Asker: 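Take this structure first; my questions come after.
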Amino acid sequence: MPAVIGCYLRITAAGFHRFSSYRHAVLAGTATNIVFGLIKVGILSAVYLARGGGSIGGYDLTTTITYVWLGQGLLAVVDFWSNDELSERIRTGDVVVDLSRPWNLQAALLCTDLGRAGFNAAARFVPQLLLGAVFFPFHWPTDAWVAPAFLVSTLLAVLVSFHLRFLLGMTTFWLLDSRGVRGLYGVLSVTMAGLEIPLSFFPVWAQTVLWCTPFPSMLQAPINVFVQVGSVTQLLAQQLLWVVVLAAVGRLVLARAMHKVVVQGG
């Protein structure tokens, strides 16, 4: 067991090192996120100016500006638009090599993704958070427990995102090309997760529908934990539920895919 744990820890470290080597991409991505953050701050500030202040769904102007910078920073950590490396390896048949290795493919890919998320948390989330806090009104948590709760919520958000992307990649076993599914996911997921505007801006019925999906757990949930909107316990419990469900579904799909490979190979 210690050897297995050590193996997965090394895979996580390798994922961190792999993504830390793309320094120019990190700078370009951070600059892009900042530009879009400034645009969103301007648009949402205009909304409150037109309303004469007040709050929308528990979000006042300061909380909304904080939401913008948290969302832009978490975007790289959670990762909605990762490359389709798994899909390509399935399409070319190279995944057979991965399946024959003495590991669990789902767990190995998860460890790589955790390494990626860890690097982006330090390299992209923190700088954008500090920029928003220094140059704009910012809603800092008023309770000490919020910081660790936010870290847990962010980790759960990464896990939800990974398992969804893993399932998208696994569809290649049956579709042969997952670009259509991934394209649709990329368009819908960011809005349903709360990247464009806070989900509390939506009508109540739409909020209810959206919170019955895993998408808010990837972005809106950790933001709500940080700005202390809603029940933290409920938010974390919902995220954990989706992690368990999606991980179990991914495990089942992987088992079916391996069976398909064995049958076709025979």
Side-chain angles (χ1 to χ4, degrees), residues 33-34 36-38 40-45 47-49 51-78 80 117 120-122 124-161 189-243:
N33 288 152
I34 290 173
F36 276 99
L38 293 172
K40 290 173 67 175
V41 167
I43 293 173
L44 292 173
S45 296
V47 171
Y48 282 92
L49 180 63
R51 287 172 51 88
S55 64
I56 306 174
Y59 276 70
D60 58 16
L61 179 57
T62 299
T63 305
T64 301
I65 291 175
T66 306
Y67 147 85
V68 169
W69 294 115
L70 286 171
Q72 294 303 112
L74 286 171
L75 190 57
V77 178
V78 174
F80 289 88
N120 283 325
R124 297 184 62 175
F125 174 76
V126 172
Q128 292 182 72
L129 182 71
L130 293 177
L131 183 146
V134 170
F135 294 101
F136 296 91
F138 203 80
H139 179 97
W140 287 107
T142 56
D143 297 311
W145 54 264
V146 174
F150 174 71
L151 292 177
V152 172
S153 183
T154 300
L155 174 60
L156 292 174
V158 172
L159 294 176
V160 172
S161 177
S189 61
V190 290
T191 300
M192 298 176 70
L195 177 64
E196 310 295 347
I197 59 174
L199 295 185
S200 58
F201 284 23
F202 284 80
V204 174
W205 66 267
Q207 294 182 47
T208 302
V209 172
L210 290 172
W211 280 102
C212 289
T213 72
F215 299 106
S217 294
M218 293 192 289
L219 198 69
Q220 190 66 69
I223 292 176
N224 279 2
V225 169
F226 189 95
V227 299
Q228 297 172 267
V229 172
S231 169
V232 172
T233 303
Q234 182 177 344
L235 290 168
L236 294 177
Q238 185 166 354
Q239 287 182 287
L240 181 59
L241 174 63
W242 280 116
V243 170

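These numbers come from a predicted model, not from an experiment. These values consider heavy atoms only, across backbone and side chains, with no hydrogens, waters or symmetry-generated copies.
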Asker: Under a 4.5 Å cut-off applied to non-hydrogen side-chain atoms, are L75 and F36 in contact?
Answerer: no
Asker: Counting C-beta onward and ignoring hydrogens, is there a side-chain heavy-atom pair between L156 and L240 closer than 4.5 Å?
Answerer: yes
Asker: Step by step, would you call F201 with T64 a side chain to side chain contact (heavy atoms under 4.5 Å, CB included)?
Answerer: CA-CA 11 Å; F201 284 23; T64 301; 4.1 Å; yes
Asker: Check the pair F125 / L70 against side chain to side chain contact (heavy atoms under 4.5 Å, CB included), numbers first and verdict last.
Answerer: CA-CA 8 Å; F125 174 76; L70 286 171; 4.0 Å; yes
Asker: Quick check for you: to the nearest 0.5 Å, what is the distance between R124 atom CZ and Q72 atom CD?
Answerer: 10.0 Å
Asker: Between W242 and M218, is any pair of side-chain heavy atoms under 4.5 Å apart?
Answerer: no
Asker: Answer yes or no: does atom CD of Q234 have more than 12 heavy-atom neighbours from other residues, nucleotides or ligands under 6.0 Å?
Answerer: no
Asker: Checking side-chain polar atoms at under 3.5 Å, does S153 have a donor or acceptor matched by the opposite partner on Q239?
Answerer: yes
Asker: At what distance, to the nearest 0.5 angstrom, does OG of S217 lie from CG of L235?
Answerer: 8.0 Å
Asker: Any non-hydrogen side-chain atom of W69 less than 4.5 Å from a side-chain atom of L38?
Answerer: yes
Asker: Taking F138 as the fixed residue, which of W140, F136, F135 is the one that meets the ring pair (Phe, Tyr, Trp, His ring centres under 6.0 Å) rule?
Answerer: W140
Asker: Does some side-chain heavy atom of I56 sit less than 4.5 Å from a side-chain heavy atom of S200?
Answerer: no
Asker: What I'd like to find out is whether the side chain of V232 reaches to under 4.5 Å of the side chain of W145, using heavy atoms alone.
Answerer: yes
Asker: Is a side-chain N or O of T154 found less than 3.5 angstrom from the main chain of F150, in a donor-acceptor match?
Answerer: yes
